[in-house]
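Input: a single structure, listed below in structure tokens.
Since the model is a prediction, treat every value here as computed from it, not as a measurement.
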Amino acid sequence: QVQLVESGGGLVQAGGSLRLSCAASGRTFSDYVMGWFRQAPGKEREFVAAISRSGGSTDYADSVKGRFTISRSNAKNTVYLQMNSLTPEDTAVYYCAATERYGFYREAFKYDFWGQGTQVTVSS
């Protein structure tokens, strides 16, 4: 198993930036494809981004492409989400997740392990 702890959320004005981190512990971090999801009040959890085991490949939801960047450091057992040009529509609880499956997946149920989430609030 792997344990995931997110950090870096907070309140930011529209147009601003935040960098989320997700620290992993337990099994070998590079065994997992990592993803970021978010859930706004009253809405379903939605895919944001994913990154391959090596970090060489990434996938993004259309809504964040060009504004968000996912990266990872296997040496530090950490995955990051750099979020730029934030809008109020980005307000949500952000979760990191890990899957042992091969390939990229946008479906939350295909991820095996989840962090507790970190709140991101973007004011207009």
Side-chain angles (χ1 to χ4, degrees):
Q1 286 193 349
V2 63
Q3 292 76 44
L4 304 173
V5 179
E6 301 96 335
S7 61
L11 175 64
V12 63
Q13 288 189 334
S17 298
L18 279 175
R19 188 195 197 201
L20 305 183
S21 299
C22 174
S25 60
R27 279 185 52 188
T28 304
F29 182 60
S30 58
D31 285 347
Y32 299 93
V33 169
M34 299 299 297
W36 284 98
F37 288 76
R38 66 186 181 186
Q39 188 165 19
K43 294 187 177 181
E44 293 187 354
R45 192 169 297 190
E46 66 171 353
F47 170 79
V48 174
I51 190 166
S52 63
R53 288 169 172 76
S54 68
S57 298
T58 56
D59 184 31
Y60 295 95
D62 288 344
S63 59
V64 306
K65 198 172 295 183
R67 299 188 299 123
F68 290 11
T69 302
I70 188 172
S71 61
R72 68 189 294 165
S73 169
N74 287 341
K76 296 183 178 180
N77 294 342
T78 302
V79 62
Y80 306 97
L81 186 68
Q82 177 67 44
M83 306 186 294
N84 298 330
S85 302
L86 286 161
T87 74
E89 289 67 37
D90 295 315
T91 294
V93 177
Y94 283 71
Y95 299 89
C96 72
T99 179
E100 297 175 283
R101 300 170 188 257
Y102 285 88
F104 286 133
Y105 299 96
R106 298 189 173 195
E107 301 89 345
F109 76 89
K110 292 187 177 180
Y111 287 76
D112 307 297
F113 305 101
W114 292 83
Q116 82 290 348
T118 186
Q119 176 70 48
V120 172
T121 303
V122 184
S123 63
S124 57

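- Within the 3.5 Å criterion, the main-chain N or O of A92 finds no donor-acceptor partner in the side chain of Q39.
- Rounding to the nearest 0.5 Å places CG of L20 at 8.0 Å from CZ of F68.
- Annotation: side-chain hydrogen bond (donor to acceptor under 3.5 Å, both in side chains) contacts involving residues 10-24, sequence neighbours excluded, comprise S17-N84.
- Smallest separation of non-hydrogen atoms from P88 and A14: CD-CB, 4.2 Å.
- Heavy atoms only, all atoms of each residue included: Q119 and V93 are closest at OE1-CG2, 3.2 Å.
- Listed for the E6 side chain is a donor-acceptor partner under 3.5 Å among the backbone atoms of G117.
- Separation of atoms CE (M34) and OG1 (T78) is listed at 9.0 Å; rounding is to 0.5 Å.
- Between the R72 side chain and the S52 main chain, a donor and an acceptor come within less than 3.5 Å of each other.
- To the nearest 0.5 Å, atom OH of residue Y60 and atom CZ of residue F47 are 9.5 Å apart.
- When each of I70, V120, T118, T69 is paired with L81, the side chain to side chain contact (heavy atoms under 4.5 Å, CB included) condition holds for I70 and for no other.
- Here the straight-line distance linking atom OG of S63 with atom NZ of K65 works out to 9.5 Å at 0.5 Å rounding.
- Hydrophobic clustering (ILVMFWY, side-chain heavy atoms < 4.5 Å, transitive): Y94 and V12 are in one cluster.
- Counting only distance, with no hydrogens or angles, the side chain of Y111 and the backbone of Y105 share a donor-acceptor pair below 3.5 Å.
- Using cut-offs of 30° and 60° for the angle between ring planes, the Y95 and W114 rings count as perpendicular.
- Here R67 pairs with D90 under the salt bridge (Lys or Arg N to Asp or Glu O under 4.0 Å) rule; sequence neighbours left out.
- Within a 6.0 Å radius of CD in E107, other residues, nucleotides and ligands contribute more than 12 heavy atoms.
- With hydrogens and angles disregarded, a donor-acceptor distance shorter than 3.5 Å links the side chain of R53 to the backbone of E100.
- There is a path of hydrophobic side-chain contacts, each under 4.5 Å, that joins V79 to V2.
- Panel note: side chain Y80, backbone S73; no donor-acceptor pair is recorded below 3.5 Å.
- Identified under the disulfide bond (SG atoms under 2.5 Å apart) test for residues 71-124, with sequence neighbours left out: C22-C96.
- Linking ILVMFWY side-chain heavy atoms closer than 4.5 Å, directly or via other members, places V64 and W36 in a single hydrophobic cluster.
- The two residues S30 and N74 come nearest to each other via the heavy atoms CB-ND2, 3.6 Å.
- For the atom pair F104 CZ and I51 CD1, the distance stands at 7.5 Å (nearest 0.5 Å).
- Geometrically, R45 does not engage F109 in a cation-pi contact, judged by NZ or CZ lying under 6.0 Å from the ring centre and within 45° of the ring axis.
- A donor-acceptor pair under 3.5 Å links the side-chain atoms of T91 to the main chain of V122, judged by distance alone.
- Other residues, nucleotides and ligands contribute at most 12 non-hydrogen atoms within 6.0 Å of the CD atom of E44.
- Atom CZ of residue F29 and atom CG of residue D31 lie 10.5 Å apart, to the nearest 0.5 angstrom.
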